[in-house]
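Count residues from 1 along the sequence.
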Amino acid sequence: MQIEPGVVLMKYFCLLFSLCVHEAAHAATANWCGDPSARLLGRMSIDPRKHIDPLGTVVLPLLMMMTNVPYLFGWAKPVPFNPRNLNNMRRDPVLIALAGPLSNIAIALTCAVLLRIFFMLELGGVTIPAAEAILALLYGMIVINLVLALFNIIPLPPLDGHHVLYYFLGARGKEMMERIGPFGIIIAILFVAGPWLRTAMPIAERAVFFIITYGLDFQQVA
C-alpha cells in the first residue's frame, strides 16, 4: 500500500496544530479560573514543544497514518492545574475540561465557514491559487477536529469527558472512576476503534456539511 508523504505531512500538521490549540485552551481556561500553573509552565502557547507526548502525539498518529486508519486522533501532555487555586473547586474542573473539545469544535466550524467562502468564490468564478491543497487542508482540519472532540468527550480518565461525569458522581462512583484511571486510555482507544466514531462521526460530518453547502448550487461550479 503506497503512502503519500505529502498527505501524511498535511494530516500530521492538522493533528499537531489541533492538539496544541486543545491544550492551550485548557491552560487558558485554568488561568481564567484562578490557577496560573499551566500558564507559568508555558502551556498557554501553541508551540508544539510545550505539549508533545511521545506516544500520543508522535508514535500512535504516525502509525495510524501509515496503516491508513480511517480516523486520525491522538493526545498531548495533560495540562496540570491545582484545584486549590481555582475560584470554584467543584465547577471549574468541568469548565477546564470542556475548553479542550470546544476549541476543537470551534476550529472545525471555522474551517467549515472558510470552506463555504471557498465554494462561494468558486461559484463566483474567482480563481483560487493552490485550490486543491487549500480544500484538502480545510477538510482535513474539519475531520480531525471533530474526531478529537468526540474522542475527548468519552467519560473515561484521563480524557476530558471524565471530569464532566465526575461532577455528577457520588463517592462510590468517583472511587470506581479512580480505579479505572490506569486503564482508561486503553479502554477509550478500544471504544473508538469500535462503534463510537463509526456512529458519531457521520452525524457530526453531516452537520458541518450542512453549514458548508446550505444555499449553494454545486451544479454551477465549473
Side-chain angles (χ1 to χ4, degrees), residues 8-65 71-111 114 137-138 140-167 177-178 181-182 184-186 188-189 192:
V8 170
L9 186 62
M10 184 272 291
K11 286 184 176 180
Y12 190 68
F13 167 79
C14 292
L15 178 67
L16 187 60
F17 174 79
S18 303
L19 287 174
C20 291
V21 172
H22 180 107
E23 298 303 328
H26 284 315
T29 305
N31 187 66
W32 178 74
C33 289
D35 178 35
S37 301
R39 175 176 60 81
L40 295 175
L41 291 171
R43 301 299 301 278
M44 282 177 62
S45 168
I46 60 170
D47 181 349
R49 294 173 298 178
K50 303 292 185 180
H51 304 292
I52 285 179
D53 175 89
L55 177 60
T57 316
V58 181
V59 176
L60 180 64
L62 292 178
L63 183 62
M64 293 172 73
M65 285 187 286
Y71 295 118
L72 180 65
F73 64 91
W75 61 86
K77 290 189 299 184
V79 166
F81 66 88
N82 186 344
R84 293 184 179 85
N85 292 335
L86 298 176
N87 300 325
N88 187 314
M89 291 177 60
R90 177 168 164 78
R91 178 204 63 195
D92 291 348
V94 176
L95 299 180
I96 295 168
L98 289 175
L102 288 176
S103 73
N104 294 126
I105 293 172
I107 293 174
L109 293 177
T110 299
C111 289
L114 291 175
L137 179 65
L138 290 174
M141 290 290 282
I142 290 170
V143 173
I144 284 173
N145 277 279
L146 289 177
V147 171
L148 287 177
L150 291 170
F151 176 63
N152 277 282
I153 62 172
I154 296 173
L156 288 170
L159 300 177
D160 300 325
H162 101 275
H163 288 288
V164 180
L165 178 61
Y166 203 80
Y167 179 86
M177 189 71 68
E178 290 169 1
I185 196 68
I186 298 173
I189 291 174
V192 166

Exercise for the section: Give a yes or no on whether the backbone of Leu159 and the side-chain of His162 come within a donor-acceptor separation of less than 3.5 Å. Expected result: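 Checked: pair present.
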
Say you draw a straight line from [atom1] of [X] to [atom2] of [Y]; how long is it, rounded to the nearest 0.5 Å?
{"X": "Asp92", "Y": "Asp35", "atom1": "CG", "atom2": "CG", "value": "9.5 Å"}
{"X": "His26", "Y": "Phe81", "atom1": "NE2", "atom2": "CZ", "value": "9.5 Å"}
{"X": "Cys20", "Y": "Arg49", "atom1": "SG", "atom2": "CZ", "value": "11.0 Å"}
{"X": "Leu165", "Y": "Met177", "atom1": "CG", "atom2": "CE", "value": "4.0 Å"}
{"X": "Met65", "Y": "Tyr12", "atom1": "CE", "atom2": "OH", "value": "7.0 Å"}

Check [X] against [Y] and note the closest heavy-atom contact, atom names and distance.
{"X": "Ser18", "Y": "Asn104", "result": "O-ND2, 3.5 Å"}
{"X": "Pro80", "Y": "Arg43", "result": "CD-NH1, 3.9 Å"}
{"X": "Thr57", "Y": "Ala76", "result": "OG1-CA, 3.6 Å"}
{"X": "Ile144", "Y": "Cys14", "result": "CD1-CB, 3.6 Å"}
{"X": "Lys77", "Y": "Asp53", "result": "N-CB, 3.8 Å"}

Practice task
Check the angle between the aromatic planes of Phe151 and Trp75 and answer parallel, tilted or perpendicular using the 30° and 60° thresholds.
Solution key: parallel

Handout entry: Parallel, tilted or perpendicular, as decided by the 30° and 60° cut-offs, for the rings of Phe13 and Phe17
Key =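 It falls in the parallel class, under 30°.
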
Practice task
Find out whether the Lys NZ or Arg CZ of Arg90 is both under 6.0 angstrom from the six-membered ring centre of Tyr167 and within 45° of the ring's axis.
Solution key: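 Yes, cation above the ring, under 6.0 Å and within 45°.
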
Problem - Heavy atoms from other residues, nucleotides or ligands near OH of Tyr71 exceed 12 (cutoff 6.0 Å) - result: yes

Handout entry: Greater than 12 external heavy atoms within 6.0 Å of Ile46's CD1
Key =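 12 or below, so no.
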
Practice task
Would you indicate whether the side-chain heavy atoms of His22 and Asn152 approach each other to under 4.5 Å?
Solution key: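 They are in side-chain contact.
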
Handout entry: Verdict with supporting geometry, Ile107 and Met141, side-chain contact (heavy atoms from CB on, under 4.5 Å)
Key = CA-CA 7 Å; Ile107 293 174; Met141 290 290 282; 3.8 Å; yes

